[in-house]
Engineer: 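Below: one structure in structure tokens.
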Amino acid sequence: MDAERQDTRDAGEGNEALTPEARTVAFRARIWQRRAVIVSLRVARLVRMGVRRFLPGLRYLGRALQKRWRRSLQFRTVLTTLMLAVTSFAVVGAYLSNQIANNLFQERLTQAESETRYNVKQVQETFDGAQVTDQSSVITLVYDTLNAVEGRGSVIQRRYVFEAMPEQTKPRNRWVESRASDQLTVSVIPPELRKAVQQSGKDQYWASTVIPVGTEDRPGIAVGNKVTFNGTVYELYLIYDLNTAQQTLNEIQSVLWAGGAVLVLLIGAVAWYVTRNVVSPVSHAAMVSEKLAAGQLQERMVVRGEDEVARLGASFNHMAASLQEQITQLATLSQMQQRFVSDVSHELRTPLTTVRMAAEVLYDARDDFDPINKRSAELLYNQVERFQSLLSDLLEISRFDAGVAVLDAEPEDLIQLVAHVIEGAAPVAAEYGSEIVLSAPEGAIIVEMDARRIDRILRNLILNAVEHGEGKPVAVTVAANETAVGVAVRDHGIGMEPAEAARVFDRFWRADPARARTTGGSGLGLSIAMEDTKLHHGWLQAWGRKGNGANFRLTLPLRQEEEIVESPVQLEPRDAVIPGTPGNIPAEQDYSNMLVLETGGPRPGSAPAPKETP
């Protein structure tokens, strides 16, 4: 009520001169304006809520369509065909509709102009021959003549507007000012058309207009001329209703759009059927290929007919059969080789044990032999030891190949295990004149692992680093993150090329076949290390560069059920400078966080560090 009083007072103050009815209208206008603003705000709020509610669904639909577009050749082909068909039909339909509309309009315009000339001529002749002088006779004559004009024409329905030209100085007996058909006024005549008729002589002009008929507006053509009656100049406009032409055009457009929609659907159905016949064999071939890649070698394509697709299916089946035969042969050969290695390894264990016992007897009694027999006993003992190591590696490889290797994982301290391996490798490092530097965090790193297998991996990596380090330091780095632990073994020896680093884990592979194995290696150590790493679901990687040494990185998950995301140690060293030579290692380097096992003498400028007991 207060708001209404305020609105009433404001209206009264601003419109004191208005009548009470006008004030009431102004007040109601203000009320309706305020209601319109409130409704608009509510509608905008509802639209925002609807957009927020349906936006996730629209996004999901968009992602589904995008995924379907990427993965389905048939969907892409059909949708592209439909889009091109719709675009082509829209362009052609718009052109045809425009041409039909222009032709219909030109036809109606020509007919309207012709009929207007004839009717205006008849009107002017009637006015010129009229012998009337009184007002009633003049009005009756004009009305009858114009009504006759309105009723003529069987194709186009005509209406008229009869208006005396303004600013006539000497009108004579002008008892008729204006006359028009029902519901028409001079306002339906475009101002440009009236101006052109008023300024012309006997010329005829036309313009498009809108005719109010009942409660609807219809398109029309207004054609204007001048006529004279009793010295007064009148404007006579004949207005032609184009509603029938518009209805004809609407029907034609409806037929065009309906036919276009049906045609687009037919094109889509044809495209779907054609692409299905072409894409289905390809999809079937892809599915069969995936099954073949998964190991289902018995899968084949279904071949029907003798066309190109059938020949492709037959060739594919022939290729699959050939691959199956070759893979079966290779698998059989591999099983035979694995069985042979396993059987030979087992069969050699008994005679090798006997030979080893005899070699040990001869080795223990070598001091009683002459120098030649003594050297022979030593060589026999060493080679039997190497043969024993090779036979153990072969047995281990055969267990991996047979898939019977079992992981016995228990929580263990990795740092203690690394220190134990370094201490065991100390005699070999002392022989080469190298030192092993361990960099590890303080405390323990508990890892679920098979200690025997990890010990074997680390011992192999460290001994290889010592052997190929050429008497330079070997750095062992241990680090851990939230999910994994990493151990890097870095030497600064001869190094290797990237291609050699990619093959370093192959069985019996050697970068330099002429290089002697002074530490008794069998050529299977890194291969076994890789298999042990796979059992732990870890990573074993190698980096090398000629003249700059090599770096091997072992990464293990802290718990077996976890997945390694990132290794906590770097594979490629930050620098490639060869350390261990005078001037390359600063004397003031800090070793407070390093465990150093001195095997080849202390570093220059540093005091010997104590050994840590594992």
Engineer: Does the pair F75 and V279 meet the rule for a side chain to side chain contact (heavy atoms under 4.5 Å, CB included), with working shown?
Structural biologist: CA-CA 10 Å; F75 179 77; V279 174; over 6 Å; no
Engineer: About how many Å separate CG of L558 and CE of M449, when rounded to the nearest 0.5 Å?
Structural biologist: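 If we round to the nearest 0.5 Å, M449:CE and L558:CG are 11.0 Å apart.
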Engineer: Do the non-hydrogen side-chain atoms of V487 and L458 ever get within less than 4.5 Å of each other?
Structural biologist: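 A side-chain contact under 4.5 Å exists here.
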Engineer: Quick one: closest heavy-atom pair of I189 and A222, and the distance?
Structural biologist: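 For I189 and A222, the tightest heavy-atom pair comes out as CD1-CB, 4.2 Å.
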Engineer: One pair to check against side chain to side chain contact (heavy atoms under 4.5 Å, CB included): N460 and I528. What are the steps and the verdict?
Structural biologist: CA-CA 9 Å; N460 201 299; I528 296 175; over 6 Å; no
Engineer: For residues 279-297, pull every pair meeting side chain to side chain donor-acceptor pair (under 3.5 Å), keeping only residues two or more places apart or in separate chains.
Structural biologist: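 Checked against side chain to side chain donor-acceptor pair (under 3.5 Å) - neighbours excluded - no pair reaches residues 279-297.
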Engineer: Could you check if a side-chain atom of L193 sits within less than 4.5 angstrom of a side-chain atom of Y237, using non-hydrogen atoms only?
Structural biologist: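 Yes; the side chains approach each other to less than 4.5 Å.
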Engineer: Would you please say whether a donor-acceptor pair under 3.5 Å links the side chains of R490 and Q570?
Structural biologist: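 R490 vs Q570: no donor-acceptor pair found between side chains.
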Engineer: If we check side chain to side chain donor-acceptor pair (under 3.5 Å) with R453, which of these qualifies: T533, D532, D408?
Structural biologist: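 It is D532, the one option of T533, D532, D408 that forms the side chain to side chain donor-acceptor pair (under 3.5 Å) with R453.
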Engineer: Answer yes or no: are there more than 12 heavy-atom neighbours, outside E561 itself, under 6.0 Å from its atom CD?
Structural biologist: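 Atom CD in E561 is packed in, count exceeds 12.
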Engineer: Holding to side-chain hydrogen bond (donor to acceptor under 3.5 Å, both in side chains), I want the full list of residues that pass it with Q246, two or more places apart in sequence or in another chain.
Structural biologist: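 Residues passing side-chain hydrogen bond (donor to acceptor under 3.5 Å, both in side chains) with Q246: N250.
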Engineer: Looking at residues at least two apart in the chain, or sitting in another chain, which of them share a side-chain contact (heavy atoms from CB on, under 4.5 Å) with V47?
Structural biologist: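 For V47, the residues satisfying side-chain contact (heavy atoms from CB on, under 4.5 Å) (neighbours in sequence not counted) are V43, V51.
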Engineer: Which pairs with one or both residues in residues 251-263 pass side chain to side chain donor-acceptor pair (under 3.5 Å), sequence neighbours excluded?
Structural biologist: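 Sorted result for residues 251-263: S97-Q253.
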Engineer: Applying salt bridge (Lys or Arg N to Asp or Glu O under 4.0 Å), name anything that partners E562, two or more places apart in sequence or on another chain.
Structural biologist: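 Residues passing salt bridge (Lys or Arg N to Asp or Glu O under 4.0 Å) with E562: R559.
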Engineer: Donor-acceptor check, side chain of S114 to backbone of T110, threshold 3.5 angstrom: yes or no?
Structural biologist: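 Not a single qualifying donor-acceptor pair exists.
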Engineer: Heavy-atom count around Q33 CD within 6.0 Å, excluding the residue itself: above 12?
Structural biologist: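 No, CD of Q33 has 12 or fewer neighbouring heavy atoms, counting only those of other groups under 6.0 Å.
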Engineer: Indicate yes or no: at least one non-hydrogen side-chain atom of L109 is less than 4.5 angstrom from one of Y240.
Structural biologist: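 Side chain of L109 against side chain of Y240, heavy atoms only: no contact under 4.5 Å found.
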Engineer: Looking at T483 and I564, would you say the former's side chain and the latter's main chain have a donor-acceptor pair under 3.5 Å?
Structural biologist: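 No; judged by distance alone, with no hydrogens or angles, the pair does not exist.
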Engineer: Taking all non-hydrogen atoms of both residues into account, name the closest pair between P212 and L184 and its distance.
Structural biologist: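 Nearest heavy atoms, P212 then L184: CD-CD2, 4.0 Å.
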Engineer: Determine the minimum heavy-atom distance between Y205 and S200, stating which atoms define it.
Structural biologist: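 Smallest interatomic distance, heavy atoms only, reads CE1-CB, 3.4 Å.
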Engineer: Over all heavy atoms of both residues, which pair between T81 and A271 is shortest? Give the atoms and the distance, please.
Structural biologist: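 The pair with the smallest heavy-atom distance is CG2-CB, 3.9 Å.
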Engineer: Restricting to side-chain hydrogen bond (donor to acceptor under 3.5 Å, both in side chains), what partner residues turn up for T209, sequence neighbours left out?
Structural biologist: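 Counting only residues at least two positions away or on another chain, T209 forms no side-chain hydrogen bond (donor to acceptor under 3.5 Å, both in side chains).
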Engineer: Please enumerate all residues that pass side-chain contact (heavy atoms from CB on, under 4.5 Å) together with A310, with sequence neighbours excluded.
Structural biologist: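 For A310, the residues satisfying side-chain contact (heavy atoms from CB on, under 4.5 Å) (neighbours in sequence not counted) are V303, D307.
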Engineer: More than 12 heavy atoms of other residues, nucleotides or ligands under 6.0 Å from CE of M319: is that the case?
Structural biologist: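 Counting neighbours around CE of M319, more than 12 heavy atoms of other residues, nucleotides or ligands fall under 6.0 Å, so yes.
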Engineer: I need the L236 CG to Q204 CD distance, nearest 0.5 Å.
Structural biologist: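 If we round to the nearest 0.5 Å, L236:CG and Q204:CD are 10.0 Å apart.
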Engineer: Should L238 and N119 count as side-chain neighbours, where that means a heavy-atom distance under 4.5 Å?
Structural biologist: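 Sidechains of N119 and L238: in contact.
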Engineer: Side-chain contact, heavy-atom cut-off 4.5 Å: E299 with M287?
Structural biologist: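 They are not in contact (no side-chain heavy atoms under 4.5 Å apart), so the answer is no.
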Engineer: Check whether any side-chain heavy atom of T275 sits under 4.5 Å from a side-chain heavy atom of L73, and report yes or no.
Structural biologist: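 Answer no - side chains too far apart.
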Engineer: Where do A285 and M301 come nearest, in terms of heavy atoms and distance?
Structural biologist: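 Heavy atoms only, the tightest pair is CB-SD, 3.6 Å.
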Engineer: Please lay out, stage by stage, how L407 and H536 fare under the test side chain to side chain contact (heavy atoms under 4.5 Å, CB included).
Structural biologist: CA-CA 7 Å; L407 182 67; H536 286 81; 3.3 Å; yes
Engineer: Once side-chain hydrogen bond (donor to acceptor under 3.5 Å, both in side chains) is applied, do any residues pair with N98, and if so which ones, sequence neighbours excluded?
Structural biologist: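 Expected list: none.
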Engineer: Measure the CD1-CG distance between I221 and L242 for me, rounded to the nearest 0.5 Å.
Structural biologist: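 Spacing of CD1 (I221) from CG (L242) equals 4.5 Å.
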Engineer: Check this for me: Q99, atom CD, are more than 12 non-hydrogen atoms of other residues, nucleotides or ligands nearer than 6.0 Å?
Structural biologist: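 It does: Q99 CD has more than 12 such atoms within range.
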Engineer: Strictly by salt bridge (charged side-chain N to carboxylate O under 4.0 Å, His left out), give each pair with a member in residues 205-216 just once, sequence neighbours left out.
Structural biologist: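 Checked against salt bridge (charged side-chain N to carboxylate O under 4.0 Å, His left out) - neighbours excluded - the pairs reaching residues 205-216 are E216-R218.
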Engineer: Closest approach of A479 and P568, non-hydrogen atoms and distance?
Structural biologist: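 Heavy-atom minimum between the residues: O-CG, 3.3 Å.
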Engineer: What is the distance from atom CD1 of I211 to atom CG of D241, rounded to the nearest 0.5 Å?
Structural biologist: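 Rounded to the nearest 0.5 Å, the CD1-CG separation comes out at 4.5 Å.
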Engineer: Using modelled atom types and a 3.5 Å cut-off, is there a donor and acceptor pairing between side-chain atoms of R76 and backbone atoms of W69?
Structural biologist: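 Here the side-chain-to-backbone pair exists.
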Engineer: Do L540 and L461 come close enough that some side-chain heavy atom pair is under 4.5 Å?
Structural biologist: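 Yes - at least one pair of side-chain heavy atoms lies under 4.5 Å apart.
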Engineer: In Å, rounded to the nearest 0.5 Å, how long is the span from CZ of R276 to OG1 of T77?
Structural biologist: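 Interatomic distance, R276 CZ to T77 OG1, rounded to 0.5 Å: 14.5 Å.
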Engineer: As an exercise, state the distance from CG of L414 to CG of L554, rounded to the nearest 0.5 Å.
Structural biologist: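 Reported to 0.5 Å precision, the distance equals 8.0 Å.
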Engineer: Please identify each residue that fulfils salt bridge (Lys or Arg N to Asp or Glu O under 4.0 Å) with R194, with sequence neighbours left out.
Structural biologist: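 R194 satisfies salt bridge (Lys or Arg N to Asp or Glu O under 4.0 Å) with E235 once adjacent residues are dropped.
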Engineer: Considering residues at least two apart in sequence or located in another chain, which fulfil the side-chain contact (heavy atoms from CB on, under 4.5 Å) criterion with K534?
Structural biologist: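 Testing K534 for side-chain contact (heavy atoms from CB on, under 4.5 Å), a comparison that skips the adjacent residues, returns M530, E531.
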Engineer: What residues form a side-chain contact (heavy atoms from CB on, under 4.5 Å) with Y273, not counting sequence neighbours?
Structural biologist: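 Result, side-chain contact (heavy atoms from CB on, under 4.5 Å) vs Y273: N277.
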Engineer: Do L323 and L292 come close enough that some side-chain heavy atom pair is under 4.5 Å?
Structural biologist: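 No - every pair of side-chain heavy atoms lies 4.5 Å or more apart.
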